[in-house]
Enquirer: 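Pasting a structure below so you can have a look.
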Amino acid sequence: MTNEHLTPSGGVVAQCSDEETCAVVSCAVCLKEIPADSIKLADAQDYVQHFCGLDCLEMWQKQAALCSRPAG
């Protein structure tokens, strides 16, 4: 039996040895609290991937791409 950590939407999150510090954060919280302009920071991408899941990382990257487009 595997004990995978899942995001609220069912995405797999990397295993963590310290359960209390590895709580999964909902994607809505990640998208709201982690600024899209931090997309270039490896630490921010790693955080979103680990604590919010791969599906959320993809949405966050798309949000960042939309925010970086020039207006007009």
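Just so you know, residue 1 is the first one in the sequence shown, and it goes up from there.
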Enquirer: Which heavy atom of Q49 sits nearest a heavy atom of L54, and at what distance?
Expert: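 Taking Q49 first and L54 second, the nearest heavy atoms are CG-CD2, 3.5 Å.
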
Enquirer: Under the side-chain contact (heavy atoms from CB on, under 4.5 Å) rule, what do F51 and D46 come out as? Steps first, then yes or no, please.
Expert: CA-CA 8 Å; F51 291 104; D46 289 347; over 6 Å; no

Enquirer: With a 2.5 Å cut-off on the SG atoms, do C27 and C52 make it?
Expert: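 No disulfide here.
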
Enquirer: The criterion is side chain to side chain contact (heavy atoms under 4.5 Å, CB included); which residues satisfy it with E58, sequence neighbours excluded?
Expert: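 K62.
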
Enquirer: Using distance only, find each side-chain donor-acceptor pair of residues 28-43 under 3.5 Å and give its atom names and separation, not counting sequence neighbours.
Expert:
| unit_1 | atom_1 | unit_2 | atom_2 | d |
| --- | --- | --- | --- | --- |
| S38 | OG | P35 | O | 2.6 |

